[in-house]
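Keep in mind that this is a model prediction, so the values were computed, not measured. Chain identifiers are assigned alphabetically (A, B, ...) following the order of the sequence lines, protein sequences preceding nucleic acid strands; residue numbering begins at 1 within each chain.
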Amino acid sequence: MTEERKPLNFIEQIIEEDLQNGYEREELKFRFPPEPNGYLHIGHASSINLNFGLGLRYNAPVNLRFDDTNPIKEEQEFVDAIKRDVEWLGFKWEKECYASDYFQQLYDWAVAMIKNGDAYVDSQASEQIAQQKGTPTQPGSASPYRDRSVEENLSLFEAMKNGETAEGAHVLRAKIDMASSNMLMRDPVMYRTLHKAHHRTNNDWKIYPMYDWAHGESDFIESVSHSFCTLEFLPHRELYNWFLEKVNQPKQLQPKQREFARRNLSHTIVSKRKLAQLVEKKVVESWDDPRMPTISGLRRRGYTANSIKKFAETIGVGKRENVIDMSHLEFCAREDLNKTASRVMAVLDPLKVVITNYEEGAEEWLEAENNPEDETAGSREVPFSKEIYIEQADFKEEANRKFFRLTLGKEVRLKNAYIIKGESVVKDDDGNIVEVHCTYDPKSKSGSGTEESQRKVKGTLHWVSIPHAVKAEVRLYDRLFTVESPDADKDKKFIDFVNPDSLQTIVGYVEPSLKNAKELEHFQFQRIGYFCADQSTSLEKPVFNRTVSLRDSWVKKSN
RNA sequence: UGGCCUAUGGUGUAACUGGCAACACGUCUGUUUUUGGUACAGAAGAGUCUAGGUUCGAGCCCUAGUAGGCCAACCA
C-alpha cells in the first residue's frame, strides 16, 4: 500500500509541526471570526473552508465567533446572514460565540493591567495621540499622561466605563514602547468610549475594546489553538502575543496567530466596505444580487455550496498577492452542475419554424432524458407540434459547411424529436426572416430505433413547441466590472469600472415543465448554459438567473 | 530615511530533511457524442526576479540587489 501523500499547504504544515513539537491533537481548535458589519463574500469562503476544513481534517472543533466590538458598524441583520451562509455552505460550528460575551472578562483583565502598570488612561484628543505616534521611520513620543498614578487611572477608567466621560475624552492605552519599529506597539489604544447601543449588549457598555485587545483574548478564552487571519494582520502578531502574555498567567495553551493571503477574484472586488457601496449607490439591487461576489449573491446566481467549496479548495492558501481568474470559479460551477442539473429546453432568442408536413393541430409528447450524466435522474415528456421556436442563431439562409445548424436544404436533428430539413423562408417587408419552413422525417423520431432515427446528422438543436411554450423572464448576468482588478487603478475609482451591461433581462420561451421550477432549482438550458430559478419565480411568471454559460468552442472559433 | 512580508508557465498552487520543476484552470489538436456540452486522448507554454556564494548537485541554504505588498484609524 503506497500512501498517497497529498501535499500540505503551509498552514497544515504549521499544524503538523506543532503536533510533533508537543501539541496534543485534542488541543487543536479553530475559529472563523467575522465582524457582523456586512455579508460574507467569496474571500470569506476561503477562510471558512480553511478553518472548517482544518476542523474536519483534524476532527477539531471550530467556533463561529462574531467579532462585534464596534457597535457603530454592526447589526443583527448581518449576524443572521452570516450564520445562514456558513450553514448553507454545509459547515457546523462547535459554538456560536461573540466577543461581546467577553466584555466583562476583558474589562477585568484591563483593570489588572492598569494595576500592574501595563495600561494607562490617555486624555488627549485622537489627533494628538496620532501625532505622538511618530512615523514608521521616526520614533514616537510619550503622552504627558503616560505616567499617571494607578489610582488615577483606575478611577478614570471606571468613570469611562460608567459613561461619566464624553466620547473621545479618554482612551485606555497599553504601555509598551513608543519607539518600537512596529507602529502597533507604540502604546496601542485598548478601549474607546462610545455612547452607542450595541446590537447585543444594548446600553450595558459605554466603553468598547479595540480589535487587538479583544481578538487574541477571545481566542484565549475559547482555547483556540490556531488563529488564522489575513496577511495585513501580520504586524499585529507581536501585539497579539504581548497581550496574551499579560493575560495568560497560569501557563495555559497560548493561541497562535498565523496569516495567509486574502483571495482576490478577477473582475470583481472583495472588500466589504466597497461591496456596501455598490448596494448603497444602487449599482446592484442588494447584497444578494446575483452579480455580487457575496455568498448569498453567488447562491442566488446558481452557484452550489459544493462548487464554492471546491473552488476554495483548489485555489489553496498562500502568502503572496494574487488575483484568481473568474474562469476558475466558473469551471467549478460547471463541473458540479454538469453532474446535477436537469437538462431542459429553452429558447431565448426565438425564430419560428413551421413543419409543413406535420399535421395541423396535432401534438405529441416525447420522452426526454433529464440528465445523461446521471441515470437515476429519469426522464420527462416534452410536447411537440407543427410550430416550434428555435434560436435565431441556429438558422442561416446559407452557410458554409462548418455551420452545423439549420440552413436551407440541410438536415438537423431536433433534440429528443425528429430530423428536419430547411425548405424555405418567409420574410417581412424589410427582408427579415420571420419564419422558416421545414419538412420532417416522420420515421426519424428519437429513440424509436428505426433506421431513419439512427441517421447521423451533424447538428442537433434545442427547441420549444410554440403552443405549449411558457414565457419566462430570463436574467443574463455578465461580469460586474469591465477590468480585471477594478480597485487597483491609481487614478480611477472601482465604481468607474462597473460594467453597464452586467445584467440583461429578456423574455424567453421555456418548456412547460419549467413552470413548476422551485426557487434555487438548477437547470441546464441545453446548448445555452446553467440557470437557476430565482426567488421571485412563480407559476404565472417563471424567473431564471443565468449562473454561467456552457463552454462554447464554437463561439471562440467563429470569432 | 525604518521595520516586516512576498517573488515558480497566462492564472492559482506543488516540489517532504538540497537530487535535473508537478497539478488544476485557461489555450490549442484530435476521438466519441441526439447538447459545437460532457467524457477521453494529446500538445504548446516556466528552467523558478537579478547577481554572487556554499555544495558533487540549489526553486529550496547564505549574501547583496530589484520589484510588489503591509505598517503612522478612538475600524476590523
Using the six-membered ring of A/Y107, assess whether NZ or CZ of A/K161 lies under 6.0 Å from its centre and within 45 degrees of the ring axis.
-> yes
Is the gap between the ring centers of A/Y240 and A/H236 under 6.0 Å?
-> no
Hey, do the aromatic rings of A/F228 and A/F32 have their centres closer than 6.0 Å?
-> no
Separation of B/C70 P from A/L234 CG (nearest whole Å) | 13 Å
Parsed dot-bracket for RNA chain B after applying the Watson-Crick and G-U rules with both distances under 3.5 Å and | for other-strand partners is .((((((..((((.....[..)))).(((((.......))))).....(((((..]....))))))))))).....
With a non-hydrogen cut-off below 4.0 angstrom, is A/K319 in contact with a base, only sugar-phosphate, or nothing?
-> sugar-phosphate
Please assess A/S379 against A/N370 for the test side-chain hydrogen bond (donor to acceptor under 3.5 Å, both in side chains), listing each intermediate value before the final yes or no.
-> CA-CA 5 Å; A/S379 63; A/N370 285 331; 5.8 Å; no
Is there a donor and acceptor pair, one atom on the side chain of A/Q524 and one on the base of B/U35, closer than 3.5 Å?
-> yes
Per atom distances to the A/N338 side chain, the nearest of B/A76, B/G12, B/U38 is B/U38
Between the protein and nucleotides 17-28 of chain B, are there any N/O to N/O pairs under 3.5 Å, and if so, what are the atom names and distances?
from  : atom 1 : to     : atom 2 : distance (Å)
B/U27 : OP1    : A/K556 : NZ     : 2.4

Using atom CD of A/E373 as one end and atom C1' of B/U33 as the other, report the distance to the nearest whole Å.
-> 11 Å
Closest to side chain of A/V171, choosing from B/U33, B/C74, B/G36 = B/C74
Between A/N153, A/I207, A/I114, which is the residue that forms a side chain to side chain contact (heavy atoms under 4.5 Å, CB included) with A/L172?
-> A/I114
Mind checking the P distance from B/A39 to B/C62? Whole angstroms is fine.
-> 44 Å
Which of these nucleotides, B/A15, B/C74, B/U38, is closest to any side-chain atom of A/K133?
-> B/C74
What interatomic distance, in whole Å, is found between P of B/A76 and the corresponding atom of B/C23?
-> 46 Å
Judged by modelled atom types alone, do A/R263 and A/S46 share a side-chain donor-acceptor pair under 3.5 Å?
-> no
Rounded distance in Å - CD (A/E232) to C1' (B/C71) | 11 Å
Kindly say whether, by distance alone, the side chain of A/R413 makes a donor-acceptor pair under 3.5 Å with the base of B/U34?
-> yes
For A/E321, which contact category applies under a 4.0 Å heavy-atom criterion: base, sugar-phosphate, or nothing?
-> sugar-phosphate
Quick one: the side chain of A/R527 and the base of B/G36, do they pair up donor-acceptor inside 3.5 Å?
-> no
Round to a whole Å and report the spacing from CH2 of A/W213 to P of B/C75.
-> 17 Å
Would A/D336 and A/T304 count as having a side-chain donor-acceptor pair, cut-off 3.5 Å?
-> yes
Return the value, rounded to whole Å, for the distance between atom CD of A/E17 and atom P of B/C16.
-> 13 Å
Looking at B/U35, B/A76, B/G36, which one has an atom nearest to any side-chain atom of A/R405?
-> B/G36
Is B/G47 syn or is it anti, if syn means the base angle is within 90 degrees of 0?
-> syn
